[in-house]
Student: 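Following this message is one structure expressed as structure tokens.
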Amino acid sequence: DTEVTQTPKHLVMGMTNKKSLKCEQHMGHRAMYWYKQKAKKPPELMFVYSYEKLSINESVPSRFSPECPNSSLLNLHLHALQPEDSALYLCASSQWFPNYGYTFGSGTRLTVV
Amino acid sequence: TQLLEQSPQFLSIQEGENLTVYCNSSSVFSSLQWYRQEPGEGPVLLVTVVTGGEVKKLKRLTFQFGDARKDSSLHITAAQPGDTGLYLCAVFSGNTGKLIFGQGTTLQVKP
């Protein structure tokens, strides 16, 4: 299995809703990441998990709450989002060595209404 | 200021043409990666270059790492419509695992 699986693929939520994005990998990677990508822009890092511990939070607002229940799963809990949070949310995983590349999922297209 | 400056930002060409995308920085890197992202998908790793002056080929794509390991280029020969997408160069920030991307080059290849 060489994939990162993200669900759902599309999500529309209201500003008062609570929802979660899910990410799963079975490649034995010990680093997992959440990125946010706006149209025609590069991905921007949100969070890094290393060995299931949060190692980097790029000053992301608290309405985004990451969780790593085990080495294969990564969640992003969403609450009270704003319309400007609408974007493609990408999950990625990698070996914990700098020269190895990331494997990205296909992303969740989030629309906040 | 951006750590990685990519140029051009947009490129629209006809099938069969050649093109080069550049990724420049004033910093020295131990390695540099190129990704391609198709619409509605996540980025896919194309190549990692680690040695100054290194040239790697992937079918019609040729990647070069500058001698001083500050810049890189991607050359596509005889572009095909299937090459359409967003091309991103990227480097790791220290030992954090954090991958930093250039602004990207959006390539459109018309049949």
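In what follows, every chain begins at residue 1, and chains take the letters A, B, ... in the order their sequences are listed. Bear in mind that the values here come from a model prediction, so they are computed numbers and not experimental data.
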Student: Examine whether an atom of B/Glu38 lies under 4.5 Å from a heavy atom of chain A, and if so say whether it belongs to the side chain, the backbone or both; otherwise answer neither.
Tutor: neither
Student: For chain A, which of B/Ala90, B/Gly104, B/Pro43 has the most heavy-atom pairs under 4.5 Å?
Tutor: B/Pro43
Student: Quick one: which residues of residues 14-21 of chain A reach chain B at under 4.5 angstrom, heavy atoms only?
Tutor: none
Student: B/Gly102 and A/Pro42: which non-hydrogen atoms are nearest, and at how many Å?
Tutor: O-CB, 3.2 Å
Student: Decide if atom NZ of A/Lys41 counts as having more than 12 heavy atoms of other residues, nucleotides or ligands within a radius under 6.0 Å.
Tutor: no
Student: Can you tell which part of A/Glu58 gets under 4.5 Å to a heavy atom of chain B, answering side chain, backbone, both or neither?
Tutor: side chain
Student: Quick check on the hydrophobic clustering: are A/Ile56 and A/Tyr89 connected, directly or via other members, by side-chain heavy-atom contacts under 4.5 Å?
Tutor: no
Student: From B/Ser93 OG over to A/Leu45 CG, what is the distance, rounded to the nearest 0.5 angstrom?
Tutor: 9.5 Å
Student: Of the non-hydrogen atoms in A/Pro43 and B/Leu88, which two are nearest, and what is the gap between them?
Tutor: CD-CD1, 4.0 Å
Student: Any chance NZ of A/Lys9 has more than 12 other-residue heavy atoms, nucleotides or ligands included, within less than 6.0 Å?
Tutor: yes
Student: Hey, can you tell me if A/Phe104 and B/Tyr35 have their rings parallel, tilted or perpendicular (30° and 60° cut-offs)?
Tutor: perpendicular
Student: Under 4.5 Å between side-chain heavy atoms, counting indirect links through other Ile/Leu/Val/Met/Phe/Trp/Tyr residues: same cluster for B/Val44 and B/Leu107 or not?
Tutor: no
Student: Counting only heavy atoms closer than 4.5 Å, note whether A/Gln37 contacts chain B via side chain, backbone, both or neither.
Tutor: side chain
Student: Are A/Leu110 and A/Leu74 connected in a single hydrophobic cluster, I mean Ile/Leu/Val/Met/Phe/Trp/Tyr linked by side-chain heavy atoms less than 4.5 Å apart?
Tutor: yes
Student: I'd like to know if B/Val21 and B/Leu58 are part of one continuous hydrophobic network [Ile/Leu/Val/Met/Phe/Trp/Tyr, side-chain heavy atoms within less than 4.5 Å].
Tutor: yes
Student: Is B/Leu99 close to chain A through its backbone or its side chain, or both, or neither, when contacts mean heavy atoms under 4.5 Å?
Tutor: both
Student: Working to the nearest 0.5 Å, report the span between NZ of A/Lys40 and CZ of B/Phe10.
Tutor: 7.0 Å
Student: Give, for atom CG of A/Leu88 and atom CD of B/Glu41, the distance between the pair rounded to the nearest 0.5 Å.
Tutor: 9.5 Å
Student: For B/Gln103, is the CD atom crowded, meaning more than 12 foreign heavy atoms sit under 6.0 Å from it?
Tutor: yes
Student: Out of curiosity, A/Tyr35 OH to B/Lys98 NZ, how far, rounded to the nearest 0.5 Å?
Tutor: 8.0 Å
Student: Group every Ile, Leu, Val, Met, Phe, Trp and Tyr by side-chain heavy-atom contacts under 4.5 Å, then state whether B/Val55 and B/Leu61 land in the same group.
Tutor: no
